[in-house]
Amino acid sequence: MAVAGVYRRVLPSPPAIEFASPQGKKLFIEALEGGTMEGFFKLISYYQTQSEPAYCGLASLAVVLNALAIDPGRTWKGPWRWFDDTMLDCCEPLSKIKDEGITFGKVSCLAFCNGANVEAFRTNESSIDEFRRHVISSASSEDSHVITSYHRGVFKQTGTGHFSPIGGYHAGKDMVLILDVARFKYPPHWVPLTLLWEAMDTIDNATGHRRGFMTVSRIPKAPSILYTVSCRHEGWNKVAKYLTEDVPLRLKSDDVKSVENLLSVIFKSAPADLKEFIKWVAEVRRQEDGSMILSEEEKGRLVMKEEVLKQTRETELFKYVAKWSASKISLCKGVTSWGLKETLPELAADICCQGAELFMGKLSSSEGTCCRQTSVTLLKVDDEKAMTVVSGTVTTDGIEKGIETLVPSSITELSNLCDFDQSNCKGMHPSTADVLTVLLLALPQHTWSGIKEEELRMQFNHLASVDKLPSLLQQEVIHFSP
């Protein structure tokens, strides 16, 4: 039986010049000497092939985001945080992109919602001279990169609309290096900038708009420290819609009289997937020699996490959320309506299991549990404060291995929460109340504009304002703000 298949395409030359050809290499050397290949090395370090025929926009963006060293704040595989084209679905479902491709505007949206600064220009909103200035600027530094949206037909290539990043510029020949992410089809190649402009200055039939280019750079802010948003679980779109669209409508329609009442309106009807939307991050490591020595880097990260936790708990909003949380979801009995774990013994087993899966792959257990011999240790480091370490033993393929997790902690007024002892720690490590507080702070201020009671509206605007937060917590909240 015959099987249809295609192995690569011959690159039409001219107008393109293959990067690996003698002429392409000569152009590279000359451009390198001219100082307009500085961005190339970061891009080529993270250059990848699109994983689906219609994922050119996603792959181009993944290459650029990784080249800019933007932390995605969520794991790709194992313990590794990394951008892959299959993770970029916060503006359009992957199933739709796989069938139909993605538009210029959606790629720009994806760049923004994944933590980048983006300037997007359609050809009717710009000029060839402005395009050349952006190309030269990006090619001369490592701080920004250009992604182009163009029609392949202008280069006599097969196919229609396509996205790829620009890897460099040759000033003498006025040529750009296209790092084609469809490497199964065409290799990287040089093309005249004027011809690329012509290829961009075409109409995308899906939108009726012209194509163009975008400059993507880092936003000058620190990555998240303690909390992370998950966009990979199936219900995240539903959660995002609930928080940004449904909550403001509920606050307008419901007769909200107090802060406690407002919290009930928001969270008692929230989608079940809200518990997967924002989480706190614990650092996991293999147990090496039983000494539980923390490196300076580990201590530094843990101290930063604990400072964010402390600052969260010092907000007025946290006091309201903690009180509501304790009364509404029975925090002190370890029972929540979302099934969240609040005591360290419960968390220890859960975190230990996750850590084992990250480092060792899927575990097998006849009893359905990953970890045993879980313990919580308050580790004193020199004369510094004690740090919480969760240790556990896992068995995989008959071999026992140790996992340790560094858990940030912060002493609060325990009378508001629960009693504390080392084996049943409540109120020290990040809890439901901490996560919900950060989530509320991250929502835009206009969320609360529909509250009917003026006094309550003013009070909650003050509680949820980020303007006067300590700088570390403020940056953490801004990281999650739309």
Side-chain angles (χ1 to χ4, degrees), residues 19 27-48 56-73 76 81-85 87-88 90 104-105 107-122 125-150 163-172 174-181 188 190-191 193 196-197 200 212-225 471 475-476 478-481:
F19 177 63
L27 290 170
F28 172 76
I29 293 170
E30 292 171 351
L32 185 63
E33 291 173 348
T36 50
M37 293 299 295
E38 293 303 309
F40 169 81
F41 297 98
K42 289 290 185 182
L43 287 170
I44 207 67
S45 297
Y46 305 103
Y47 186 29
Q48 68 182 61
C56 56
L58 305 186
S60 297
L61 186 55
V63 171
V64 167
L65 293 174
N66 286 324
L68 292 170
I70 294 175
D71 188 338
W76 162 61
R81 298 196 298 272
W82 178 259
F83 280 109
D84 181 70
D85 56 11
M87 296 167 60
L88 300 175
C90 57
F104 182 79
V107 174
S108 175
C109 168
L110 281 169
F112 177 77
C113 76
N114 281 283
N117 182 51
V118 58
E119 293 181 276
F121 305 88
R122 298 186 187 277
E125 302 166 336
S126 182
S127 68
I128 188 170
D129 291 331
E130 184 178 18
F131 173 53
R132 184 180 288 107
R133 286 195 295 271
H134 279 276
V135 168
I136 293 173
S137 176
S138 294
S140 302
S141 76
E142 299 178 346
D143 300 330
S144 67
H145 301 289
V146 174
I147 295 175
T148 61
S149 169
Y150 60 95
F163 289 89
S164 280
I166 290 179
Y169 175 72
H170 190 292
D174 195 27
M175 299 186 80
V176 295
L177 175 62
I178 294 179
L179 296 179
D180 199 323
V181 290
W190 294 92
V191 296
L193 182 142
L196 177 56
W197 176 262
M200 293 191 299
F213 67 96
M214 63 189 74
T215 301
V216 184
S217 58
R218 284 180 63 98
I219 295 176
K221 68 176 186 180
S224 63
I225 297 170
S471 59
Q475 288 300 316
E476 189 79 350
I478 290 173
H479 184 83
F480 299 117
S481 300

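H145 places none of its side-chain heavy atoms less than 4.5 Å from the side chain of V63. Looking only at side-chain heavy atoms (C-beta outward), L61 and F163 stay at 4.5 Å or farther from each other. A heavy-atom distance below 4.5 Å is found between the side chains of N66 and W82. The closest side-chain heavy-atom distance from P72 to L65 is not below 4.5 Å. Inter-residue side-chain proximity for M87 and N114 is flagged as unmet; no heavy-atom pair is nearer than 4.5 Å. In this structure the side chain of Y169 never reaches within 4.5 angstrom of the side chain of S138, judged on heavy atoms. Considering only heavy atoms from C-beta on, V135 stays 4.5 Å or farther from T36 through its side chain. Side-chain contact between S217 and D143: absent, with no pair of heavy atoms (C-beta onward) separated by less than 4.5 Å.
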Side chain to side chain contact (heavy atoms under 4.5 Å, CB included) evaluation trace for L32 with F41: CA-CA 11 Å; L32 185 63; F41 297 98; 3.7 Å; yes
Verdict with reasoning, L193 to I128, per side chain to side chain contact (heavy atoms under 4.5 Å, CB included): CA-CA 9 Å; L193 182 142; I128 188 170; 3.8 Å; yes
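With values rounded to the nearest 0.5 angstrom, M200 atom CE is found 12.5 Å from R122 atom CZ. Interatomic distance, F40 CZ to I166 CD1, rounded to the nearest 0.5 Å: 14.0 Å. Note that CE of M214 and CZ of F121 are 10.5 Å apart. Values are rounded to the nearest 0.5 Å. Atom OG in S140 sits 7.5 Å away from atom CD in E38 (nearest 0.5 Å). With rounding to the nearest 0.5 Å, the separation of OG in S164 from OH in Y47 is 6.5 Å. Atoms OG and CZ, on S126 and R132 in that order, are 11.0 Å from each other to the nearest 0.5 Å.
For V146 against H134, the heavy-atom pair with the smallest separation is CG2-O, 3.9 Å. Here the shortest heavy-atom pairing between V191 and L196 reads CG2-CB, 4.3 Å. Nearest heavy atom pair, residue L43 against residue G167, reads CD1-CA, 3.9 Å. Across P188 and L179, no two heavy atoms sit closer than the pair CB-CD2, 4.1 Å. When all heavy atoms of V181 and A59 are compared, the pair lying nearest together is CB-CB, 4.0 Å. The two residues L27 and H170 come nearest to each other via the heavy atoms O-CD2, 3.3 Å.
R218 places a side-chain N or O within donor-acceptor distance of the main-chain N or O of L68, the cut-off being under 3.5 Å. With hydrogens and angles ignored, the 3.5 Å screen pairs no side-chain donor or acceptor of S149 with any backbone N or O of F104.
A ring-centre distance under 6.0 Å is found for F28 and F19.
The aromatic rings of W197 and F213 lie tilted to each other, with the angle between the two planes from 30° to 60°.
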